[in-house]
Visitor: 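My structure is below; once you've seen it, I'll send some questions.
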Amino acid sequence: MPLNWDLIWSSFGPIVTGAITGTIPLTLASFVIGLALALLVALMRLSRNAVVSGVARFYVSVIRGTPLLVQLFVIFYGLPSLGVKLDPWPSAIIAFSLNVGGYAAEVIRAAILSVPKGQWEAGHTIGMSRGQSLRRIILPQAARVSVPPLSNTFISLVKDTSLASLILVTELFRNAQQIAAFSQEFMALYLEAALVYWVICLALSSGQSVLERRLDRYVAH
Amino acid sequence: MPLNWDLIWSSFGPIVTGAITGTIPLTLASFVIGLALALLVALMRLSRNAVVSGVARFYVSVIRGTPLLVQLFVIFYGLPSLGVKLDPWPSAIIAFSLNVGGYAAEVIRAAILSVPKGQWEAGHTIGMSRGQSLRRIILPQAARVSVPPLSNTFISLVKDTSLASLILVTELFRNAQQIAAFSQEFMALYLEAALVYWVICLALSSGQSVLERRLDRYVAH
Amino acid sequence: MSPTDGAAHSGAHGATSQARPVLSVRNLAKAFGSNVVLRDIDLDVRRGNVVALIGPSGSGKTTVLRSLNGLETPDAGTVTFAGPGTSAGPGTDLALDFSARVSKKEISDLRDRSAMVFQHYNLFPHMTVLQNVIEGPVQVQKRKRAEAVAEAEKLLARVGLADKRDAYPFELSGGQQQRVGIVRALALKPQLLLFDEPTSALDPELVGDVLAVIQELADEGWTMVIVTHELAFARQVADEVIFMDGGLVVERGPAAEVLRAPRQERTRQFVRRLLHEF
Amino acid sequence: MSPTDGAAHSGAHGATSQARPVLSVRNLAKAFGSNVVLRDIDLDVRRGNVVALIGPSGSGKTTVLRSLNGLETPDAGTVTFAGPGTSAGPGTDLALDFSARVSKKEISDLRDRSAMVFQHYNLFPHMTVLQNVIEGPVQVQKRKRAEAVAEAEKLLARVGLADKRDAYPFELSGGQQQRVGIVRALALKPQLLLFDEPTSALDPELVGDVLAVIQELADEGWTMVIVTHELAFARQVADEVIFMDGGLVVERGPAAEVLRAPRQERTRQFVRRLLHEF
Amino acid sequence: GGGGSQTPAASSSDTSLSDVKSKGEIVVATEGTYKPFSFHAEGAGDLTGYDVEIARAVAEKLGVKATFQETQFDGIFAGLDAKRFDTIANQISINDERKAKYDFSKPYTVSTGVIVTKADNNSITGFDSLKGKTTAQSLTSNFYKMAVDAGANVQSVEGWAQGVALVRQGRVDAIVNDKLTYLDYAKTNPDAGLKIAAETTEKSESAFVFRKGSTELTKAVDKALDDLRTDGTLAKISEKYFGTDVTK
Ligand SMILES: Nc1ncnc2c1ncn2[C@@H]1O[C@H](COP(=O)(O)OP(=O)(O)OP(=O)(O)O)[C@@H](O)[C@H]1O
Ligand SMILES: Nc1ncnc2c1ncn2[C@@H]1O[C@H](COP(=O)(O)OP(=O)(O)OP(=O)(O)O)[C@@H](O)[C@H]1O
Ligand SMILES: [Mg+2]
Ligand SMILES: [Mg+2]
């Protein structure tokens, strides 16, 4: 592949800017909100109330069973006909958070279930309520188990945010596409965008390692 | 959202056809090949040889760290400049298999590691080699653990195959887009496509349940 | 380290002088689906007494303990704790009738009366030894942290673990973990201590240390129910031994009688099997 | 169910008449990193003899067994098995010198000489009882399936598990699982059986059954090395008892001597602790 | 009315023009990745292009500001439906399907379709020889339909750049597209080895698109286009991008 190095060099600026002003904040905001939502949904799925757990199951099924592109589309272009007109950024954050919520809910649910039942019982025997046991005993342990799968969700999210350009949010990949459209050098620009994504993911992976080491300090090695 | 029901009704044909002739075979072929690749990569990552495990780690990192779109583009539009010119279907199957290979490798690696060390030792004590123990003792048990995360990969793949339309493979989403472009009814058609994806994913989920029940027959309930 | 009510007691082996037992269980029954696990269990434990529960696997011993600690909800029967709870519990008797619906509040009150020591310790792996011990007093009983720490340190020193204060459970041997488990229970100052096979997950050499600690607690007058397979220990520490089989109390009486000269054939068989005369 | 070489033997407790031991270990040494686990271990096991290995936790007992079975590679020392291997092994002596590099083939040959029974059974959970037992004979020793099945059924009947042939391990009690573990080892017809605390994960009541099976194997003349904490059992079954501590053999001799009247203070201490006189 | 023109008072149901006026801006949807019609100067600079400049000029005539929203083609009509945009400036060609759903202004581009092949390909000489040949089209253009009607085996691609890449790699026989797009490409890639194999006789016309019933706004834009044509602005913009007047 003969690459146009001048073009690649000069387009680093816009692409990295797109990452910093678009991709990264969008990813972070959606991930944080999505995690909170996922915890809620995971607890709903674990509820003994069939309606509550049914609602949660349906939500997870729809989110995981339909394309993210369509989810974005519905929130940005579909909701206005129901009188809800959100700006691009709020729409994007809502859509990606809902998406993370669906995927991460299953991870968190599995992590909660992976904590031995004896831990709940130990919480109860010292007088804790279900909520207290969950908060102080179960979730801190579930956190450890769920870091690797959640970081997968995180890394997928980084790349998925490129879809936000469909709803007018400017980010890394959109900037690469713009330059590609001007220069007709789409291969070079896409490779360059991929490189920047890769660097972001490498940074995330090393962050994951640090976090895992921190959370692993209380288990035998 | 006022929907054009006539259009939706008449477009079911092409969309379902796209699913049957494009989405589903592409997904199945890529998943099977990708799993075989993933097993190989997982074993490489578990190798004590630093070069072998380093190569595997690099592969996984690149696959997971870069957008699937770019991977498809490199294989279809990029490789010809190195003299490798593949047709759309082979390109798509290679790209998606490589992608599944990267994601599933981590799942399989974790599943292999989750089988207690005592199982390897029991294999050895009855005289088995590493390969024999792996094949007859470890992998059958790892299979059980890896079904839920692999079915996640599978479900993601179903929707990811829509990207194949960018390298000239006609599938479900492409057919929906075409009809949408002619009728300008993007919202209706995208919702319809989402519904078909959802049905496919629901079918997969129930297949997953059956498989899990089968594999769980030898554990306490 | 003494029973929290601080009352004098008549020693581990004598009959206590108090008329009303601390714990009184009547007609306790429990089934899991169609599997009837407890039928009509009666149990009285007097203050300062030690009751040993023995019996074959599946006989329902664990289910009895779990019912007393509110970890299992029986289908029928009554559980009564006498007098004011020792910690933040209510001021008077606590009487639960499981034949009727019991509320969450009642289960919670029941839990406050006793504390369980588990076979597999069930320490909180993400907390240090000290944090494990003060978690209940501080988070549940809302006691002052400094006070809880001081007390925890005293208790830890008492079981020989003063220097392990800041260790994580995984850094301890099984016997050390179980001693922390005991201290965690003691720190709650419950009316009743429940032990479910506290030494059966331990390396044989580590069993002695834990049994010694339990023996000391008995000598100090703590009220306890202990499920154990260590017959020699039961004989030495228990005021009363109860032998269960198939969800029924088959035989009960002073330790020496039940263990040395069982009246029932089933008890005799069980004792013989435990000494595994193969 | 008898040792596969079928030779007559002089009984479990008598000294054997054969001059050369089946297994001969000299100067075995092993360190994990800087942690020296075995230093200079010598061991001889004669045909039909039973050696019991006792000692505190971490003394290296398991490491010795694992080294004999090729699950651990020692740093130095020699392991010699006398005569032709009983199964598909080589026709003559097998002598490994761990001071030099040993090949994969040698490790594999070593494994064929012995079979291990694990503390936690380590049955294959995805295979039925029968499949567990015939896996080695059929897949590794390439024996005829029908023949292997017939033999497996005989062995299972022998340990009272004929009717569990098609059960999965999770459907068995611990004692039953361990008996399957023993049968799986026997089916390989090894020269030497290795037991690593075969009863310490069992419910106390289930210990007796498993010990009875091992006792029978000893009576039939199988050659065995057993790591155990059941001192009464060791006294009864073993021809020789070896007491290890800190990676060294501290004391060895006839069971009666070492266990009743240990010469070394460390041995005395250990025996006392095991009886946990708290 | 504004801009000095004498527009009839808006009917009570059609507030399309008054809305724009009261906002002080007209929201224009465009792809931003469609050279030379809608793109970023030097790739990363300001949004510019033929359609963009014309939209700006029209807005100025209307006395409002042109605010551009860049989206992918998928979202352009959905966004117009959802009232996120007032109009689209993205070389939307007028056809019957679209006219049934939307209002169009007067055309501001008149162009022809061309079949582009490799320079050494002599097998394609006109639309009738496309039958059985493979062409690469993007969904955005109505040249897609033209190729289908001609009996070609049509492959959809992401855009012009990918389509051209396929022709140059010899993986498709031709690409049918706007002559203007090709001319711009040929200008920057003179040695691409491509040629125009045939040209349509039929003209295709592109215009601004509005929601149905935006009669007032459409009329005002038509008026603005007329004025721009009269004062030579349209021709000037066209000359700048194409060296010729493509506005009629
Ligand atoms: N959560 C549960 N669900 C269903 N059955 C249960 C449950 N817990 C216990 N059982 C059943 O109740 C019976 C009594 O169990 P329990 O644990 O009380 O016996 P145990 O006397 O403590 O035995 P062990 O000595 O093995 O601990 C057993 O048959 C057991 O299978
Ligand atoms: N794989 C390993 N890596 C590092 N250290 C090990 C390993 N296996 C054993 N050790 C160490 O070797 C020493 C001896 O262990 P070993 O298991 O042989 O003792 P043991 O006598 O069997 O004890 P136990 O009665 O607890 O089973 C211990 O200090 C242990 O921590
Ligand atoms: Mg129990
Ligand atoms: Mg050991």
Side-chain angles (χ1 to χ4, degrees), chain B residues 1-4 6-7 10-11 14 18 22 67-92 162-194, chain E residues 29 71-84 88 90 92-104 134-149 153-159 161-172 175 209-212:
Chain B
M1 287 171 261
L3 295 178
N4 181 339
D6 279 353
L7 178 72
S10 67
S11 51
L68 178 51
L69 171 73
V70 178
Q71 295 165 18
L72 276 164
F73 267 45
V74 167
I75 289 173
F76 188 71
Y77 288 111
L79 284 191
S81 68
L82 302 177
V84 181
K85 204 151 107 185
L86 298 164
D87 279 344
W89 269 83
S91 299
S162 67
L163 287 176
S165 66
L166 296 177
I167 62 167
L168 317 190
V169 173
T170 302
E171 40 62 70
L172 194 170
F173 204 69
R174 162 60 46 168
N175 284 352
Q177 270 181 322
Q178 266 176 21
I179 301 169
F182 276 107
S183 63
Q184 328 312 329
E185 293 271 12
F186 282 93
M187 183 59 70
L189 270 300
Y190 281 14
L191 281 174
E192 188 174 352
Chain E
T71 180
Q72 291 160 27
F73 192 77
D74 299 24
I76 274 191
F77 285 96
L80 188 65
D81 293 342
K83 302 195 171 131
R84 289 194 174 273
I88 303 170
N90 201 62
I92 304 296
S93 40
I94 303 170
N95 64 29
D96 292 341
E97 290 87 359
R98 286 174 183 161
K99 269 204 290 208
K101 276 199 73 187
Y102 301 98
D103 286 348
F104 279 90
T134 308
T135 72
Q137 310 296 144
S138 59
L139 279 177
T140 52
S141 73
N142 68 328
F143 302 105
Y144 189 100
K145 195 160 175 288
M146 232 178 250
V148 171
D149 292 345
N153 168 19
V154 177
Q155 303 281 10
S156 328
V157 291
E158 199 186 3
Q162 285 81 8
V164 165
L166 290 177
V167 174
R168 292 177 64 177
Q169 290 173 355
R171 301 164 105 180
V172 298
I175 179 168
V209 192
F210 306 93
R211 278 183 296 281
K212 261 259 172 287

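Bear in mind the structure is a predicted one, so any value in this text is a computation, not a measurement. In what follows, chains are A, B, ... by sequence order, proteins preceding strands, each numbered from 1.
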Visitor: When heavy-atom pairs shorter than 4.5 Å are enumerated against chain B, which of E:Val157, E:Ile76, E:Asn95, E:Asp74 gives the highest number?
Guide: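 Ranked by heavy-atom pairs under 4.5 Å with chain B, first place is E:Asp74.
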
Visitor: For residues E:Glu158 and E:Ser138, is any side-chain donor paired with an opposing acceptor at under 3.5 Å?
Guide: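 Checked: E:Glu158/E:Ser138 side chains show no N/O donor-acceptor pair below 3.5 Å.
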
Visitor: Does a donor on one side chain sit under 3.5 Å from an acceptor on the other, for B:Arg174 and E:Ser156?
Guide: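 Yes, side-chain donor-acceptor contact under 3.5 Å.
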
Visitor: Which region of B:Phe76, side chain (C-beta onward) or backbone (N, CA, C, O), has a non-hydrogen atom less than 4.5 Å from a non-hydrogen atom of chain E, or is it both or neither?
Guide: both

Visitor: Under 3.5 Å, is there a donor on one side chain and an acceptor on the other for E:Tyr144 and B:Gln178?
Guide: yes

Visitor: For chain B, find which of E:Lys101, E:Gln162, E:Arg171 contributes the most heavy-atom pairs closer than 4.5 angstrom.
Guide: E:Arg171

Visitor: Name the region of B:Phe182, side chain, backbone, both or neither, that has any atom closer than 4.5 Å to a heavy atom of chain E.
Guide: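 Both parts, backbone and side chain.
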
Visitor: So B:Phe173 and B:Tyr190, would you call those rings parallel, tilted or perpendicular, with 30° and 60° as cut-offs?
Guide: tilted

